Amino acid sequence: MSNNQPYHLVEVSPWPIVGAMSIMLMLTGLTKMFQQNNNTIMMIGLIMTMMTMFQWWRDVVREGTYQGLHTKIVVKGLKWGMLLFIVSEVLFFVSFFWAYYHSSLSPCVQMGATWPPMGITPFNPMQIPLLNTMVLLMSGVTITWSHQSMMNNNLMEMNQSLAITIVLGLYFTMLQMYEYIESPFTIGDSIYGSTFFMSTGFHGLHVIIGTTFLMVCLMRQLNLHFSNNHHFGFEAAAWYWHFVDVVWLFLYISIYWWGN
């Protein structure tokens with residue numbers, strides 16, 4: 001195949017169809033777990049999905065880092081793809097905020113015409129939610145520090161600050177798990193419980209995804225895959241992490257503070 005053009009014509013790959021089948025198996029198993037309390041199929045699908053992710057990412061790293069197929073035009077396309085993906089994620093969370101504000105600004109009679117609904121004890125925004133906010137804001141500082149260190153070819157500082165960001169992401173997840181365990185209400189407690197756990201739960205899932213993204217970047221950096229002019233994989237992870245930070249600020253202000 002001729003390479004006298006700047007675009008990347010990808011080779012035939014088994015991972016899209018294998019990934020789709022793995023995710024379908026995982027979600028089917030999730031339904032079975034909810035209905036029959038049997039998680040065997042879900043675990044098989046989850047393991048297959050993780051193996052597919054690892055091997056697919058491995059191929060992309062080979063193409064971009066070792067084969068030189070990610071030219072400037074290809075990287076430009078990847079940047080637009082990541083930006084559009086983040087826009088789609090923003091609209092995903094807009095639906096949760098819409099449901100929350102729709103229900104809280106005009107609470108119905110069945111909820112006692114008050115917000116939070118009668119019988120619901122909300123979280124104190126000055127306790128764990130505030131700590132989580134500080135943790136994510138600090139992680140936004142450390143990921144920016146890591147990016148600037150890379151641009152200045154300071155690899156030691158880049159590794160240190162990226163590792164700190166990962167630790168902060170894990171700490172946030174642990175705090176949110178503790179908050180869920182100690183929660184005085186459940187997802188089945190009226191529209192308040194539904195919107196609270198759906199919005200904060202999906203945000204927590206995005207934090208886990210972002211932390212995994214950063215872990216992959218740290219492993220790649222330790223293998224010297226990045227330079228100050230070839231590091232879009234890390235840049236995309238930083239964009240995603242800043243998106244997670246901003247969404248949490250809106251969640252904290254809307255649900256934890258204003259919603260109380």
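This structure is a prediction, so every number in the text was calculated from the model and none was measured. Side chains included, hydrogens not; waters and symmetry mates left out as well; all remaining heavy atoms used.
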What are the two closest non-hydrogen atoms of Cys217 and Gly233, and how far apart are they? SG-O, 3.7 Å
All ring pair (Phe, Tyr, Trp, His ring centres under 6.0 Å) counterparts of Phe92, not counting sequence neighbours: Phe96, Phe202
Would Ile166 and Met177 show up in the same hydrophobic cluster when neighbours are defined by side-chain heavy atoms closer than 4.5 Å? no
Can you tell me how far CZ of Phe243 sits from CG of Leu83, rounded to the nearest 0.5 angstrom? 12.5 Å
Evaluate the side-chain contact (heavy atoms from CB on, under 4.5 Å) criterion for residues Leu27 and Ile23: first the C-alpha distance (whole Å), next the side-chain angles of each, then the deciding distance (0.1 Å), finally the verdict. CA-CA 6 Å; Leu27 295 179; Ile23 293 172; 4.0 Å; yes
Contacts of type ring pair (Phe, Tyr, Trp, His ring centres under 6.0 Å), residue Trp258, not counting sequence neighbours: Tyr101
side-chain contact (heavy atoms from CB on, under 4.5 Å), that's the test. Do Met174 and Val135 meet it? Break it down for me. CA-CA 12 Å; Met174 290 172 59; Val135 168; over 6 Å; no
Test of understanding: clusters of I, L, V, M, F, W, Y form through side-chain heavy atoms closer than 4.5 Å, transitively. Do Ile255 and Phe197 belong to the same one? yes
Thr144 and His147, any side-chain heavy atoms less than 4.5 Å apart: no
Not counting sequence neighbours, which residues clear side-chain hydrogen bond (donor to acceptor under 3.5 Å, both in side chains) with Lys32? List them please. Gln36
For a 4.5 angstrom cut-off between non-hydrogen side-chain atoms, does Val60 reach His70? yes
For side-chain contact (heavy atoms from CB on, under 4.5 Å), just list the numbers for Asn159 and Gln221, CA-CA rounded to whole Å, side-chain angles, deciding distance to a tenth of an Å, and then say yes or no. CA-CA 7 Å; Asn159 293 337; Gln221 173 57 24; 2.9 Å; yes
Would one find more than 12 heavy atoms of other residues, nucleotides or ligands at under 6.0 Å from atom CE of Met82? yes
More than 12 foreign heavy atoms under 6.0 Å from OH of Tyr180: is that the case here? yes
Taking the inter-plane angle between the rings of His203 and Trp248 on a 0 to 90° scale, is it parallel (under 30°), tilted (30 to 60°) or perpendicular (over 60°)? tilted
Connected to Trp98, directly or through other members, by ILVMFWY side-chain contacts below 4.5 Å are none
Side chain to side chain, Trp241 and Thr211, heavy atoms closer than 4.5 Å: yes
Considering residues at least two apart in sequence or located in another chain, which fulfil the ring pair (Phe, Tyr, Trp, His ring centres under 6.0 Å) criterion with Phe54? none
Hey, could you give me the CE/CE distance between Met42 and Met33, rounded to the nearest 0.5 Å? 5.0 Å
Verify same cluster id: Val94, Val87 (apolar side-chain graph, 4.5 Å): no
Starting from Val216 and following side-chain heavy-atom contacts under 4.5 Å between hydrophobic residues (I, L, V, M, F, W, Y), which residues can be reached? Met53, Trp57, Met219
With a 4.5 Å limit on heavy-atom distance, are the side chains of Val74 and Thr71 in contact? yes
Got a sec, which residues hit side-chain hydrogen bond (donor to acceptor under 3.5 Å, both in side chains) with Gln148, two or more places apart in sequence or on another chain? none
Would you find a donor on one side and an acceptor on the other, under 3.5 Å apart, between the side chain of Ser104 and the backbone of Tyr100? yes
Quick check: closest heavy atoms across Pro125 and Tyr252, and the distance to 0.1 Å? O-OH, 2.8 Å
Report yes if some heavy atom in the side chain of Leu162 is under 4.5 Å from a heavy atom in the side chain of Ile143; otherwise report no. yes
side-chain contact (heavy atoms from CB on, under 4.5 Å), that's the test. Do Ser199 and Leu251 meet it? Break it down for me. CA-CA 8 Å; Ser199 55; Leu251 283 173; 3.7 Å; yes
Where the side chain of Asn38 meets the backbone of Thr40, is there a donor-acceptor pair that is under 3.5 Å apart? yes
Find the distance between CD1 (Ile86) and OH (Tyr240) and round it off to the nearest 0.5 Å. 8.5 Å
So do the side chains of Pro129 and Trp257 get within less than 4.5 Å of each other, counting heavy atoms only? no
Tightest non-hydrogen contact, residues Ser103 and Ile191, listed as OG-CG1, 3.3 Å
What I'd like to find out is whether the side chain of Tyr171 reaches to under 4.5 Å of the side chain of Asn132, using heavy atoms alone. no
Exceeds 12 heavy-atom contacts within 6.0 angstrom, atom CD of Gln67: yes
For Phe196, enumerate each residue passing the ring pair (Phe, Tyr, Trp, His ring centres under 6.0 Å) test, keeping only those at least two apart in sequence or located in another chain. Phe123, Phe185, Tyr256
Any donor-acceptor pair under 3.5 Å from Gln176 side chain to Thr200 backbone: yes
Please check if the distance between the ring centroids of Trp115 and Tyr192 is under 6.0 Å. yes
Give the cluster check for Phe172 versus Tyr178: same hydrophobic cluster or not, with ILVMFWY residues linked at side-chain heavy-atom distances below 4.5 Å. yes
Among side-chain atoms of Thr142 and Thr165, is any donor-acceptor pair under 3.5 angstrom? yes
When rounded to the nearest 0.5 angstrom, what is the spacing between CG in Asn153 and OG in Ser227? 8.0 Å
Shortest non-hydrogen separation from Pro116 to Pro122 and the atoms involved: CG-CG, 3.9 Å
For Thr65, enumerate each residue passing the side-chain hydrogen bond (donor to acceptor under 3.5 Å, both in side chains) test, keeping only those at least two apart in sequence or located in another chain. Arg220
How long is the straight-line distance from CZ of Phe34 back to CG of Asn39, given to the nearest 0.5 Å? 11.0 Å
Parallel, tilted or perpendicular: which one describes the rings of Phe234 and Phe226, with boundaries at 30° and 60°? tilted
Joint hydrophobic cluster, Phe250 plus Ile128, side-chain heavy atoms closer than 4.5 Å: yes
Met158 and Ser149 have their tightest heavy-atom pair at N-CB, 3.6 Å
Scan side-chain atoms only and decide if Trp15 and Gln55 contain a donor-acceptor pair under the 3.5 Å cut-off. no
In this structure, CG of Leu105 is separated from NE2 of His102 (nearest 0.5 Å) by 9.5 Å
Note: with side-chain heavy atoms under 4.5 Å as the link, the other cluster members for Ile44 come out as Leu25, Ile41, Met48
Is it true that atom CG of Asn223 has more than 12 heavy atoms of other residues, nucleotides or ligands lying nearer than 6.0 Å? yes
With a 6.0 Å cut-off (strictly less than), is the heavy-atom count around CE of Met156, excluding the residue itself, greater than 12? no
Would you call Leu130 and Asn124 a side-chain contact if the rule is heavy atoms closer than 4.5 Å? no
Show me the pairs that pass salt bridge (Lys or Arg N to Asp or Glu O under 4.0 Å) and involve residues 58-75, at least two apart or across chains. Asp59-Arg62
How about His231 and His225: are their ring centres within less than 6.0 Å of each other? no
Co-members of Met24 in a cluster of I, L, V, M, F, W and Y side chains, linked at under 4.5 Å: none
